[in-house]
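This report concerns only the one structure given below.
It should be emphasised that the depicted structure is a prediction, and the values quoted were computed from it without experimental measurement. All values below were derived from every heavy atom in this structure, side-chain atoms included, with hydrogens, water molecules and symmetry-related copies excluded.
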Amino acid sequence: MEVALLSFRRRRMLVALAATAAVTLAGCGGGGGSSGGGGGTPSSSEPIKVMSWAPLANPKVAFPQVKAAAEARVRAINDAGGIRGHRLELVFCDTNYDPNTEAGCARQAQQEKAAAVVGAFTSFPGTYSVLERAGIPAIGTIGLFSQELSSPVSYPLAGGVPAWYTGAVTELRDAGAKTLGLVVCNSPACSYAGKIVEDVVPRAGLRLTAVGTVPTGTPDPSAAVAQAIAGTPDGVVLALPPSSIPKVVQALRAAHYGGKIASVSSVFPSAILRALGSAADGILLTSQVKPLSETSDPAIAQFGKELSAASPSTGKDESAEIAWGAFVLFEKLAGKLGTVNASTVQAALRGLDKPIGIGITAPYSTVGKTSPVADAPRLFNPTVYYNHIENGVIVASSDTAVNPFAGLAAGS
């Protein structure tokens, strides 16, 4: 699973400028790029500057949709008058899936005096030490690794990897499974997810029958699949990158495995769904945000409209949706502050006792929240959504966000 989101306008100027507001995007050193969005002209006072990043074109890991979603939300914020009349300025950095470049992006955030890092797709743990020294909060993180789930400046949008894979287990349990197999790749990210599954299975009252490990890049995962289903489990959890999903699912179907399959929606992007066709139907998936098929939901509709307007050719997926939601959270938080900088934003996040509605996740707050995972203390919103694949589309199985940790026996 390679990992694998204003210048102050005086109130009297809002009407005049709303139609032509602009988002200014700057490249950053060490691989950063820039692009513009929106229209309009800046006024003479200071903007609110935020930073974000993602790998944009690396052949191993690339998430250009994170940048597109960030630009789309910033453009919409500015077109509506900004944040308390301030134009929001987004500085976006291409990490190229390189730890040194990503750390350089974090240093750029300090140089730019960014009020926050918002919706960034962070791939490497060392980046957080840079942000911690700078005192810059990272808002709406995905929660992919332990540092992102424990750093005092990290604020994951929802349940991260722990809730994703705990949810995969509990969704299988709720579907009637008693025994589970696990297919996992041998990368550090997969190993982390696999360990979560192994810890949660007995706590959910289930039994893990076998584990099959898929070597990274293997052209034939059938041996690992055969190992995972040797005990004829009721369900199988897939802790794999998107690139491994088609071959593993096809191997399970070729082996005539008749039990349930569960994983996380982030590794089933639209291209994978198309490649699998009907072979994907019935697979259970957990997501950190509402599934995009829920187009009648106001927040999903708004996300789709804004992204399509700003970048019509960009695919919509969970990573883009998380990045978009991060900017919704930042906008609503910053809108309550008199002065917006890294210090005031961090203080507001620490003292956030009144939940902020984001629309695509459960409402967000931090005060009085205790993480259900001992080594992931930053899980303020430890929820997921239950989904399944139907006719090649990820559709909701639950109407509301689910806390998959509820009802588990005590554990790590």
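No donor-acceptor pair closer than 3.5 Å links the side chain of Arg107 to the backbone N or O of Val130. Judged purely by atom type and a 3.5 angstrom limit, Glu321 has no side-chain atom pairing as donor or acceptor with the backbone of Leu292. Thr344 places a side-chain N or O within 3.5 Å of a backbone atom of Thr339 that can act as its donor or acceptor partner. Checked by atom type and distance alone, the side chain of Thr179 pairs as donor or acceptor with a backbone atom of Asp234 at under 3.5 Å. Distance alone, capped at 3.5 Å, places no donor-acceptor pair between the Thr286 side chain and the Gly167 backbone. For Arg378 (side chain) and Gly143 (main-chain N/O), no donor-acceptor pair under 3.5 Å exists by modelled atom type.
For Lys260, the NZ atom is loosely surrounded, since the number of other residues' heavy atoms within 6.0 Å does not exceed 12. The environment of CG in Asp399 is sparse: at most 12 heavy-atom neighbours from other residues, nucleotides or ligands sit within 6.0 Å.
Using a 4.0 Å cut-off between a side-chain N of Lys or Arg and a carboxylate O of Asp or Glu, Lys290 and Asp297 qualify as a salt bridge. Checked for salt-bridge contact, Glu306 and Arg73 meet the test: a charged N lies under 4.0 Å from a carboxylate O. Residues Lys195 and Asp199 are not paired through a salt bridge, judged by the lack of any N-O separation under 4.0 Å between the basic side chain and the carboxylate.
Between Phe380 and Tyr364, the ring planes are perpendicular. Angles over 60° get that label, and only those under 30° would be called parallel.
The side-chain contact (heavy atoms from CB on, under 4.5 Å) test applied to Asp317 returns Gln65, Ser319, Ala320, not counting sequence neighbours.
In terms of heavy atoms, Ala396 sits closest to Asn387 at CA-OD1, 3.6 Å.
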